[in-house]
Amino acid sequence: MTTSKPGTASALALLMAGAVLSSCMAHGPVRDIGIDTHPNFVSHNKAFYDRLLSGRAWILAGVYHPKYRNIVRGFVFRKDGSRIGCLAYKKRNGDPLWLAQRGVKWEVTERARAVGAVVRNSYDDSPKPRHLVLFYSPSTGELADEVVGRDKSGKRYWIRSNSGLIQDSWPRALADACPGLELPPGMAINEKQTSLRMDELRRQDPDAPIRNFPGSDLTAPGRTGLGASRGAPTTTREEALAFMQSQLGYVVTSPRGDGYVMVPDGERNEVWRLADDDSVAKVGRMRDEGDWIFIEIPDQAVFRYPVGYPVPVLPTGRRHPAFELTDRLVEAGEPVVLPWMPAEWRDFTFRADGTVRARRAAGGRDRIAPWRWTKGRLLVQVADNREAPDWQEAYRQLGMERPKLWTPAEGQRIGPQASAASATSGTSKCVGDHEGVAT
């Protein structure tokens with residue numbers, strides 16, 4: 001389908017669209033790399049991690065903690081919501097000891113404040129859940145988690161804690177180290193993976209990691225982990241601009257799953273916040289102040305995005321029905337009567353450059369005029385267009401079949417009812433009300 005881009009949106013306007021969708025960003029100078037200033041947005045949403053983890057194994061080793069560095073451990077996320085594992089501990093003589101772990105329940109939940117989807121692990125022997133903040137790399141099949149530490153001044157920062165592979169099989173090394181674990185039906189033992197050293201195990205079966213898992217393309221620039229980058233910027237202005245350009249007219253979601261649409265409307269910097277039925281609930285405006293991009297939406301806190309850090313929205317791949325309507329008109333390339341327009345105009349032919357060819361009812365010279373969506377309404381700028389209907393009424397008046405509404409598919413929610421659960425991870429006290437170790 002043709003993707004129409006009415007008007008010429010400035011580079012600044014496109015980048016500012018990203019600001020809308022960070023939730024609850026704290027204030028502070030851009031050079032402050034603490035976690036309060038730059039949220040560590042995870043790579044994918046709840047629905048993706050539900051599918052990726054369920055019934056699969058995560059084979060990992062510690063990155064930060066010297067006690068677990070390069071020592072293989074593993075977890076299996078069973079489809080029934082239980083988690084089993086084979087964990088390495090240290091004996092007094094320094095030799096590793098592997099112990100089987102049971103009695104853990106897992107689920108993917110959403111952290112409303114700035115991170116997104118996290119995995120909550122609940123232990124039979126502990127009333128306090130522990131959380132994993134995960135990052136998946138489609139090209140390598142790498143799955144890593146990050147935790148929060150503190151420096152001597154008490155400032156918090158992100159640390160890459162564990163890194164490993166997501167795969168369908170269980171290593172022979174762990175099967176031998178923790179015999180008796182009840183693997184999910186159909187999970188094979190990987191006979192190639194015999195080492196309990198992570199570097200060796202990786203080389204033993206380079207095809208074991210699950211790469212390019214379906215839906216893994218629905219991510220945004222910079223969502224690779226601030227622990228991995230040690231607090232440095234994770235993307236560039238150019239990458240952010242290219243992403244924003246690609247999402248014009250599409251539904252994107254904030255970390256807590258709220259739906260938004262970035263509107264290609266030149267210098268107006270308009271963005272829509274969606275209700276559950278895809279209607280436009282609120283309309284925001286964007287502005288730029290140096291290294292920060294801000295968005296103001298009525299009755300909401302001012303959101304801001306520090307340019308160069310993780311882009312705070314995720315794509316859904318779903319065209320908003322308003323833009324799908326004009327896509328159809330552009331693709332058809334045929335004159336169409338717009339019943340709401342003044343009788344002076346006979347019909348209009350929509351063009352991909354954001355203009356229409358308008359024919360007069362009384363004959364005479366055609367007029368070329370711009371068209372655009374604003375506040376959920378289609379505006380054709382040839383005459384008084386104050387009665388332009390919203391997109392739902394436009395479908396009805398044109399006699400066109402409405403597309404299926406964008407809904408919270410496969411667990412991804414939008415709207416104010418979205419989960420506001422907090423999440424933490426690591427051995428230090430983190431954002432939220434919990435503390436604990438990542439595993």
Side-chain angles (χ1 to χ4, degrees), residues 1-11 13-14 17 242-252 259-275 277-280 283 285 315-406:
M1 178 173 291
T2 303
T3 301
S4 49
K5 301 288 191 295
T8 302
S10 68
L14 297 179
F243 173 77
M244 296 303 175
Q245 177 70 47
S246 72
Q247 296 306 306
L248 294 175
Y250 286 84
V251 177
V252 296
Y260 292 84
V261 177
M262 295 174 286
V263 181
D265 62 349
E267 300 296 329
R268 273 173 275 270
N269 305 325
E270 185 174 303
V271 76
W272 302 342
R273 177 167 178 172
L274 301 180
D277 63 353
D278 264 1
S279 62
V280 179
V283 177
R285 299 293 183 186
T316 64
R318 175 71 167 84
R319 194 79 161 145
H320 187 272
F323 290 90
E324 189 169 336
L325 185 153
T326 43
D327 286 347
R328 292 184 192 178
L329 297 178
V330 169
E331 189 174 75
E334 299 291 338
V336 60
V337 175
L338 303 182
W340 59 86
M341 291 298 290
E344 174 186 355
W345 303 103
R346 176 181 174 184
D347 53 41
F348 303 83
T349 302
F350 284 74
R351 310 193 306 182
D353 65 356
T355 65
V356 296
R357 178 178 294 276
R359 293 197 297 179
R360 301 177 188 273
R365 186 176 180 181
D366 295 348
R367 181 173 174 183
I368 304 300
W371 65 268
R372 63 184 177 89
W373 286 97
T374 178
K375 301 178 182 179
R377 295 176 177 270
L378 180 59
L379 179 65
V380 181
Q381 296 176 262
V382 294
D384 185 355
N385 199 32
R386 288 175 297 178
E387 300 302 318
D390 64 21
W391 66 266
Q392 298 181 75
E393 178 63 15
Y395 269 102
R396 190 190 69 80
Q397 291 194 29
L398 292 175
M400 297 172 62
E401 181 181 357
R402 286 172 48 174
K404 182 180 179 180
L405 291 179
W406 185 84

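Using modelled atom types, no side-chain atom of T355 and backbone atom of I368 make a donor-acceptor pair closer than 3.5 Å. With E270 contributing its side chain and V283 its backbone, the two residues share no donor-acceptor pair below 3.5 Å.
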- Query: Which is it for R377 and V280 under the side-chain contact (heavy atoms from CB on, under 4.5 Å) test, yes or no, and what are the steps along the way?
  - Reply: CA-CA 9 Å; R377 295 176 177 270; V280 179; over 6 Å; no
- Task: Could you please spell out the steps behind the side-chain contact (heavy atoms from CB on, under 4.5 Å) verdict for F323 and V261?
- Result: CA-CA 10 Å; F323 290 90; V261 177; 3.9 Å; yes
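With rounding to the nearest 0.5 Å, the separation of CD in E331 from OG1 in T326 is 11.5 Å. Between E324 atom CD and M400 atom CE the span is 8.5 Å, to the nearest 0.5 Å. Note that the CH2 atom of W340 and the CG atom of L398 stand 4.5 Å from one another [nearest 0.5 Å]. We find the CE-CD distance between M262 and Q245 to be 9.5 Å, quoted to the nearest 0.5 Å. Rounding to the nearest 0.5 Å gives a distance of 14.5 Å between CZ of R359 and CD of E344.
Using a 4.5 Å heavy-atom cutoff, the side chains of W345 and R367 are in contact. The shortest distance between side-chain heavy atoms of V382 and F348 falls below 4.5 Å. In this structure, W373 and H320 have side chains that are not in contact, with every pair of non-hydrogen atoms separated by 4.5 Å or more. At a threshold of 4.5 Å between non-hydrogen side-chain atoms, the residues L325 and Y395 count as touching.
Between W371 and F350, the two ring planes are perpendicular [angle over 60°; tilted spans 30° to 60°].
Of all heavy-atom pairs between V356 and V380, the closest is CG2-CG1, 3.7 Å. Residues A343 and A361 share a closest heavy-atom pair of O-CB, 3.5 Å. Nearest heavy atoms, W391 versus A322: CB-CB, 3.6 Å. The minimum heavy-atom distance linking V251 with T316 is given by the pair O-OG1, 2.8 Å.
Using modelled atom types and a 3.5 Å distance limit, the side chains of S279 and Q392 yield no donor-acceptor pair.
Annotation: R360, atom CZ; neighbour count of heavy atoms from other residues, nucleotides and ligands within 6.0 Å is above 12.
The pair R396-E393 meets the salt-bridge criterion, since a charged nitrogen lies less than 4.0 angstrom from a carboxylate oxygen.
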